[in-house]
2 protein chains.
Amino acid sequence: MMERNESDRCDCKVIHEDVVNAVKEKMPSEEKLYDLAELFKVFGDTTRVKILWALDESEMCVCDLAVLLNMTRSAISHQLRILRQARLVKYRKEGKIVYYSLDEEEVKHIFDQGLIHINEKF
Amino acid sequence: MMERNESDRCDCKVIHEDVVNAVKEKMPSEEKLYDLAELFKVFGDTTRVKILWALDESEMCVCDLAVLLNMTRSAISHQLRILRQARLVKYRKEGKIVYYSLDEEEVKHIFDQGLIHINEKF
DNA sequence: ATAATATATGAATGTTTATTCAAGTGTTCA
DNA sequence: TGAACACTTGAATAAACATTCATATATTAT
């Protein structure tokens, strides 16, 4: 009985070595693929998708979004921070009220890269 | 001092009532937005993004992917299950070996919907 | 049949993450 | 100034998730 464990390479390593090496050559950098996954992650939450959808319809304040989505202002605010960090939304202050809107520049950039393109507002 | 808590609606409810109601009218169904977020979630993980990238280059078995990404076959297998459930990949068995590849039909469908479009293989 | 191999899967573990709660900042209005 | 308000934020909690480990299934070779 031969010694073997998960860290060992299975026989495919030999059989498919050339294919795997060729693919490895072409593979984008770790960083690039990580960033891509991070971007998709931002879109991978119902609350954030709803917020983005709403803001594409109309500029809105935190309270509006809370009423619209039937959530606390705190929860909305936390999610807006993530969208802000991803530069997908921007905001302007008018007295006490903070109005959020889509960051058209950044969203357009994502569309131009062809990563995500939403038809008919999702 | 007036009684107030988070579940109460703030004054914006009154100020922006019309805008919020109009947006609410147009909003897609809960289910639709949930499904959309679920789809993005699948793309929101580095390992899965790498697997998808690799499979778009070439059909590969579990062991190949494990070698390529320097991960255990078990970890790869678990992620492939998620990609299978999302119908993003399909597979064919050849003896002991299971070859995975992109489910072109499903991926094409996603592209056609315009939800995600990857340029230059990400 | 037995051994070896390729993959799959359930349970356990550690990490990430969404929401809540409580407290904090900055603005308006009396 | 101080009370009310809109929003933010840090910590706590609970749920979701990725990976590992151990085991199971299925196939091939002896």
Side-chain angles (χ1 to χ4, degrees), chain A residues 1-16 34 37-38 40-51 59-67 69-86 89 91-100, chain B residues 1-16 20 34 37-38 40-51 59-67 69-86 89-100:
Chain A
M1 196 199 304
M2 208 180 117
E3 282 289 335
R4 239 189 198 297
N5 60 47
E6 269 288 351
S7 64
D8 286 336
R9 294 173 164 191
C10 76
D11 296 345
C12 298
K13 165 63 186 158
V14 183
I15 306 173
H16 304 138
Y34 176 83
E38 286 300 302
F40 283 128
K41 206 175 280 180
V42 174
F43 289 94
D45 176 82
T46 315
T47 301
R48 289 193 290 271
V49 163
K50 286 177 185 168
I51 291 175
E59 177 183 69
M60 282 184 157
C61 69
V62 177
C63 173
D64 291 338
L65 287 165
V67 170
L69 305 185
N70 198 32
M71 293 176 68
T72 65
R73 277 166 263 164
S74 179
I76 297 291
S77 192
H78 276 296
Q79 294 307 325
L80 282 170
R81 184 167 53 80
I82 293 170
L83 293 171
R84 238 160 43 217
Q85 283 169 351
V89 302
Y91 60 93
R92 67 182 178 84
K93 286 186 79 167
E94 194 168 289
K96 288 176 293 193
I97 302 174
V98 180
Y99 289 96
Y100 279 87
Chain B
M1 198 198 302
M2 208 181 117
E3 281 290 334
R4 240 190 197 297
N5 61 48
E6 269 288 350
S7 64
D8 285 335
R9 294 173 164 191
C10 77
D11 296 344
C12 298
K13 165 63 185 157
V14 183
I15 306 174
H16 305 137
V20 172
Y34 176 83
E38 286 301 301
F40 284 128
K41 205 176 281 179
V42 175
F43 289 94
D45 175 83
T46 314
T47 301
R48 287 193 293 270
V49 163
K50 286 178 185 168
I51 291 175
E59 176 183 70
M60 282 183 157
C61 69
V62 177
C63 173
D64 291 338
L65 289 164
V67 171
L69 305 186
N70 198 31
M71 293 176 67
T72 64
R73 278 166 263 163
S74 180
I76 297 291
S77 193
H78 276 296
Q79 294 307 325
L80 282 170
R81 184 167 51 81
I82 292 171
L83 294 171
R84 238 160 43 218
Q85 282 168 351
V89 302
K90 57 187 181 195
Y91 60 93
R92 68 182 178 84
K93 286 186 77 168
E94 195 168 287
K96 288 176 293 195
I97 302 174
V98 180
Y99 289 95
Y100 280 87

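These numbers come from a predicted model, not from an experiment. Naming convention: chains lettered A, B, ... in sequence-line order (proteins, then strands); numbering from 1 in each chain.
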Listed partners of Y34(A) passing ring-ring contact (aromatic ring centres under 6.0 Å, His included), at least two apart
none

Correct closest heavy-atom pair for S77(A) and V62(A) would be N-CG1, 4.5 Å

Smallest heavy-atom separation, L80(A) atom then V89(A) atom, equals O-CG2, 4.2 Å

For K90(B), the salt bridge (Lys or Arg N to Asp or Glu O under 4.0 Å) test, sequence neighbours excluded, returns none

Rounding to 0.5 Å, atoms CG (L69(B)) and CD1 (I76(B)) come to a distance of 4.5 Å

Of I15(B) and R84(A), the one whose closest nucleotide on DNA chain D sits nearer the 5' end is I15(B)

Kindly list each side-chain donor-acceptor pair under 3.5 angstrom involving residues 42-49 of chain A, sequence neighbours excluded, with atom names and distances?
| residue | atom | partner | partner atom | Å |
| --- | --- | --- | --- | --- |
| D45(A) | OD2 | T47(A) | N | 3.1 |
| D45(A) | OD2 | R48(A) | N | 3.1 |
| R48(A) | NE | V42(A) | O | 2.8 |
| R48(A) | NH1 | Q79(A) | OE1 | 2.7 |
| R48(A) | NH2 | K41(A) | O | 3.2 |

Whole-Å distance between dC7(D) P and L80(A) CG?
10 Å

Nucleotide dT23(D), atom P - distance to CZ of R73(B) in whole Å
17 Å

Please identify each residue that fulfils side-chain contact (heavy atoms from CB on, under 4.5 Å) with V98(A), with sequence neighbours left out.
Y91(A), K93(A), Y100(A)

Taking all atoms of both residues into account, what is the closest heavy-atom pair of C63(B) and R73(B), and its distance?
CA-CG, 4.1 Å

Collect all protein-nucleotide pairs involving nucleotides 15-18 of chain D in which both atoms are nitrogen or oxygen and the distance is under 3.5 Å.
| residue | atom | partner | partner atom | Å |
| --- | --- | --- | --- | --- |
| dA18(D) | OP1 | R48(B) | NH1 | 2.8 |
| dA18(D) | OP1 | R48(B) | NH2 | 2.9 |

Quick one: label Y100(A) by what it contacts on the DNA or RNA (base, sugar-phosphate, nothing), any heavy atom closer than 4.0 Å.
sugar-phosphate

Base-contact (B) and sugar-phosphate-only (S) positions in nucleotides 10-15 of chain C, heavy-atom cut-off under 4.0 Å, - elsewhere:
B-----

Give the rounded distance in Å between these two atoms: CZ of R92(A) and C1' of dT27(C).
16 Å

Mark up nucleotides 25-30 of chain D, 5' to 3', with B wherever a protein heavy atom is under 4.0 angstrom from a base atom, S wherever such an atom reaches only the sugar-phosphate, and - elsewhere.
-SBS--

Qualifying residues under side-chain contact (heavy atoms from CB on, under 4.5 Å), relative to Q85(A), sequence neighbours excluded
R81(A)

Which residue in the set V67(B), D64(B), L65(B) passes side chain to side chain contact (heavy atoms under 4.5 Å, CB included) when paired with C12(A)?
D64(B)

Would you kindly compare A75(A) and R81(B) by the position of their nearest DNA chain C nucleotide and give the one closer to the 5′ end?
R81(B)

What's the spacing between M60(A) CE and I97(A) CD1 if we round to 0.5 Å?
13.0 Å

For dT20(D), take OP1 and OP2 only and decide whether either is under 4.0 Å from a side-chain N or O of T72(B).
yes

Atom CD1 of I97(A) and atom C1' of dC5(D) are separated, to the nearest Å, by 9 Å

Spacing of K50(A) atom NZ relative to dA18(C) atom P, expressed in whole Å:
14 Å

So if I take the C1' atoms of five pairs at each end of the helix from dA1(C)-dT30(D) to dA30(C)-dT1(D) and get each local axis, what angle do the two axes make, rounded to 10 degrees?
10°

